[in-house]
**Q** 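Below you'll find the structure I mean.
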Number of protein chains: 2
Amino acid sequence: MFLSDKIKCMDEGIAGVRKAIPEVPADVGLCRIMLLIAERLQAELEHKLRPHKLNDSEFRTLIALFAHPNGTSTPGEVCLFTSLGVTNMTRIANALVKRGLITRGPSAEDRRRVVMQITPAGKRFVQKMLPSMLPRLKLLFDGFTHNERSTLNRLLRKLAHNLSKLEHTAGDSP
Amino acid sequence: MFLSDKIKCMDEGIAGVRKAIPEVPADVGLCRIMLLIAERLQAELEHKLRPHKLNDSEFRTLIALFAHPNGTSTPGEVCLFTSLGVTNMTRIANALVKRGLITRGPSAEDRRRVVMQITPAGKRFVQKMLPSMLPRLKLLFDGFTHNERSTLNRLLRKLAHNLSKLEHTAGDSP
DNA sequence: TCATTTTATTTCACCAGTGAAATATGCACC
DNA sequence: GGTGCATATTTCACTGGTGAAATAAAATGA
């Protein structure tokens, strides 16, 4: 089922709810559409990776190492850049090691730490893979003017800012 | 860690990648920000539900039934409105039945089908729960003008349209 | 009518993320 | 120099989504 059909159904559904409980604002539609888009976007990102038996988390991890000086970093630091949970990193790194795209070993300076390093094969993979994703990315923003892109960017960051403020407040007060 | 910090780290990370591979466009940041927002938005939605031992999927299902004539529908139809996979519906319905919020039984007209019906307790739950989520939703769009909301809506739908077009094309051609 | 196809739901095995707790090391302060 | 706190990684049990296949009941049509 296509995303546009899902959105149509969602619109209908929300219209029904708002008829039953009129104080529900139209903004819930905005939220739901973002969730649907994100879901589909994630699927789109994984589309190219699947044939190579990698998922998006693993790819992000690989890219984080790629973009790092010496191609080395530690699990905790990689998680900062990728927004992945540290507890997932063990499994993700295992998978990448098994695929020969990174190596992993104990750190010399701090024996609590582990250093992950991208291998030459890993670098080649990123350098081949990343550009091959760009045409579809271009299509994704097809018809967007420069202005629209920057407006979208601004509005999303504004929303993110509000979300961050919400994180501070417990939220079950009144 | 707050969403705004995650976004800051993500921005840094992408800047690093773009320095290494300059043909990577800034649009990847737009994509990642949407994914981060969606993730956080989902968490926000589930925040209120968690004390009641429901997750968002279960709540959406309940609402779909609530908004339906007679409060009855079938798993397949509910999935249309909620964008949930049919295979999840069995588990979700099981949970809602156990909580006494819906009933489930065989259909009289078509014995392949199952009818799900919201119970009075389920209706009460929705009527109490939904309005209690509105204050935080209001905060979420705090500072957004009417115009900004509709622009965001328009741009997201435009993006969704492009995503739908991508779904048609296989995508691994050149 | 009876064989084929379509539709609806369920089951199952698998993948991926999460929080809490375990483990191990480093660091600071007395 | 040992005690207690902080940091880094891992393990584990649990939750939730997915696709493929099983099951069962219509619908189609020769």
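Everything numeric here is computed off the predicted structure, so don't read it as measured data. To find a chain, count down the sequence lines: A is the first, B the second, and so on, and within it residues start at 1.
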**Q** Inspect the contact between Glu39(B) and Lys6(B) and indicate whether a charged nitrogen and a carboxylate oxygen are less than 4.0 angstrom apart.
**A**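 Yes, this pair counts.
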**Q** Whole angstroms only, please: what is the CE-C1' distance between Met1(B) and dG17(C)?
**A**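 From Met1(B) CE to dG17(C) C1': 18 Å.
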**Q** Quick one, which residues of residues 54-61 of chain B touch DNA chain C with a heavy atom under 4.0 Å?
**A**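 Residues of residues 54-61 of chain B under 4.0 Å from DNA chain C: none.
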**Q** Select base, sugar-phosphate, or nothing to describe what Val86(A) touches, counting heavy atoms under 4.0 Å on all strands.
**A**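 Result for Val86(A) = base.
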**Q** Provide the full list of ring-ring contact (aromatic ring centres under 6.0 Å, His included) pairs with a residue in residues 83-125 of chain B, sequence neighbours left out, each pair given once.
**A**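 Sorted result for residues 83-125 of chain B: His52(B)-Phe125(B).
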**Q** Identify every side-chain donor-acceptor pair in residues 85-94 of chain A under 3.5 Å, counting partners at least two apart or on other chains, and give the distances.
**A**
unit_1   : atom_1 : unit_2    : atom_2 : d
Asn88(A) : OD1    : Arg91(A)  : NH2    : 3.2
Asn94(A) : OD1    : Arg104(A) : NH2    : 2.3
Asn94(A) : ND2    : Thr90(A)  : O      : 3.3

**Q** When the nearest nucleotide of DNA chain D is assigned to Pro75(A) and to Glu46(B) on a heavy-atom basis, which residue is associated with the more 5' position?
**A**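 Nearer the 5' end of the strand: Pro75(A).
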**Q** Let me have the donor-acceptor pairs involving side chains of residues 11-20 of chain B, under 3.5 Å, with sequence neighbours excluded, atom names and distances please.
**A**
unit_1   : atom_1 : unit_2    : atom_2 : d
Asp11(B) : OD1    : Arg157(A) : NH2    : 3.0
Asp11(B) : OD2    : Arg157(A) : NH1    : 2.9
Asp11(B) : OD2    : Arg157(A) : NH2    : 3.4
Arg18(B) : NE     : Val24(B)  : O      : 2.9

**Q** Once you round it to whole Å, what is the distance between P of dT7(C) and CG of Leu80(B)?
**A**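 Spelled out: CG on Leu80(B) to P on dT7(C) is 13 Å.
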**Q** With sequence neighbours left out, what residues match Glu77(B) under salt bridge (Lys or Arg N to Asp or Glu O under 4.0 Å)?
**A**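 For Glu77(B) there are no salt bridge (Lys or Arg N to Asp or Glu O under 4.0 Å) partners, ignoring immediate neighbours.
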**Q** Grab the CD-C1' distance between Gln42(A) and dA16(C) for me, whole Å please.
**A**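 These atoms are roughly 11 Å apart.
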**Q** Determine: side-chain N/O of Thr90(A) to OP1/OP2 of dT11(D), distance under 4.0 Å, yes or no.
**A**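 No, no such contact exists.
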**Q** For Thr119(A) and Leu101(A), indicate whether the former's side chain and the latter's backbone hold a donor-acceptor pair under 3.5 Å.
**A**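 Judged by distance alone, yes, a pair lies under 3.5 Å.
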**Q** How would nucleotides 19-27 of chain D be written as a contact map, 5' to 3', with B for base contact, S for sugar-phosphate-only contact and - for no contact, using protein heavy atoms under 4.0 Å?
**A** BB----BS-
**Q** Roughly how far, to the nearest 0.5 Å, is the CE atom of Met133(A) from the CZ atom of Arg136(A)?
**A**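 Arg136(A) atom CZ to Met133(A) atom CE measures 10.0 Å (nearest 0.5 Å).
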**Q** Tell me whether Asn70(B) contacts the main-chain N or O of Thr72(B) through its side chain, where contact means a donor paired with an acceptor under 3.5 Å.
**A**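 Side chain of Asn70(B) to backbone of Thr72(B): no pair is present.
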**Q** State whether Arg91(A) places a side-chain N or O below 4.0 Å from either non-bridging phosphate oxygen (OP1 or OP2) of dG17(C).
**A**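 So the side chain of Arg91(A) is within the cut-off, an N or O lying under 4.0 Å from OP1 or OP2 of dG17(C).
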**Q** Taking Arg60(A) for its side chain and Thr82(A) for its backbone only, find out whether a donor-acceptor pair lies under 3.5 Å.
**A**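 The answer is yes, because a donor-acceptor pair under 3.5 Å joins these two groups.
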**Q** Whole angstrom is fine here: how far is it from CG in Asn88(A) over to P in dG16(D)?
**A**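 Computing the Asn88(A):CG to dG16(D):P distance gives 16 Å.
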**Q** Once you round it to whole Å, what is the distance between C1' of dT6(C) and CZ of Arg113(B)?
**A**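 For the pair Arg113(B) CZ and dT6(C) C1', the rounded distance is 13 Å.
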**Q** Return the value, rounded to whole Å, for the distance between atom CG of Leu49(A) and atom C1' of dC15(C).
**A**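 It is 15 Å, rounded to the nearest whole Å.
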**Q** Which residues in residues 29-41 of chain B have at least one heavy atom lying under 4.0 Å from any atom of DNA chain D?
**A**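 The stretch gives none, as no residue of it lies under 4.0 Å from the strand.
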**Q** Return each pair, listed once, that meets ring-ring contact (aromatic ring centres under 6.0 Å, His included) where at least one residue sits in residues 75-118 of chain A; pairs must be two or more places apart or across chains.
**A**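 Qualifying pairs, neighbours excluded: His68(A)-Phe81(A).
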**Q** Bend across the helix from dT1(C)-dA30(D) to dC30(C)-dG1(D), to 10°, with axes taken over 5 pairs at each end?
**A**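 Taking five pairs per end, the axes differ by 0°.
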**Q** Got a salt bridge between Glu148(B) and Arg154(A), using NZ or NE/NH1/NH2 to carboxylate O under 4.0 Å?
**A**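 So Glu148(B) pairs with Arg154(A) through a salt bridge.
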**Q** Could you list the residues that satisfy salt bridge (Lys or Arg N to Asp or Glu O under 4.0 Å) with Asp27(A), not counting sequence neighbours?
**A**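 Once residues adjacent in sequence are excluded, the partners of Asp27(A) under the salt bridge (Lys or Arg N to Asp or Glu O under 4.0 Å) criterion are Arg149(B).
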**Q** The criterion is ring-ring contact (aromatic ring centres under 6.0 Å, His included); which residues satisfy it with Phe66(A), sequence neighbours excluded?
**A**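 Not a single residue meets the ring-ring contact (aromatic ring centres under 6.0 Å, His included) criterion with Phe66(A).
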**Q** May I have the distance from Leu84(B) (atom CG) to dT9(C) (atom P), rounded to whole angstrom?
**A**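 Answer to the nearest Å: 14 Å.
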**Q** Arg32(B): what forms a salt bridge (Lys or Arg N to Asp or Glu O under 4.0 Å) with it, not counting sequence neighbours?
**A**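 With neighbours one apart ignored, the set is Asp56(A).
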**Q** Atom CE of Met89(B) to atom C1' of dG16(D): distance rounded to whole Å?
**A**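 It works out to 14 Å between those atoms.
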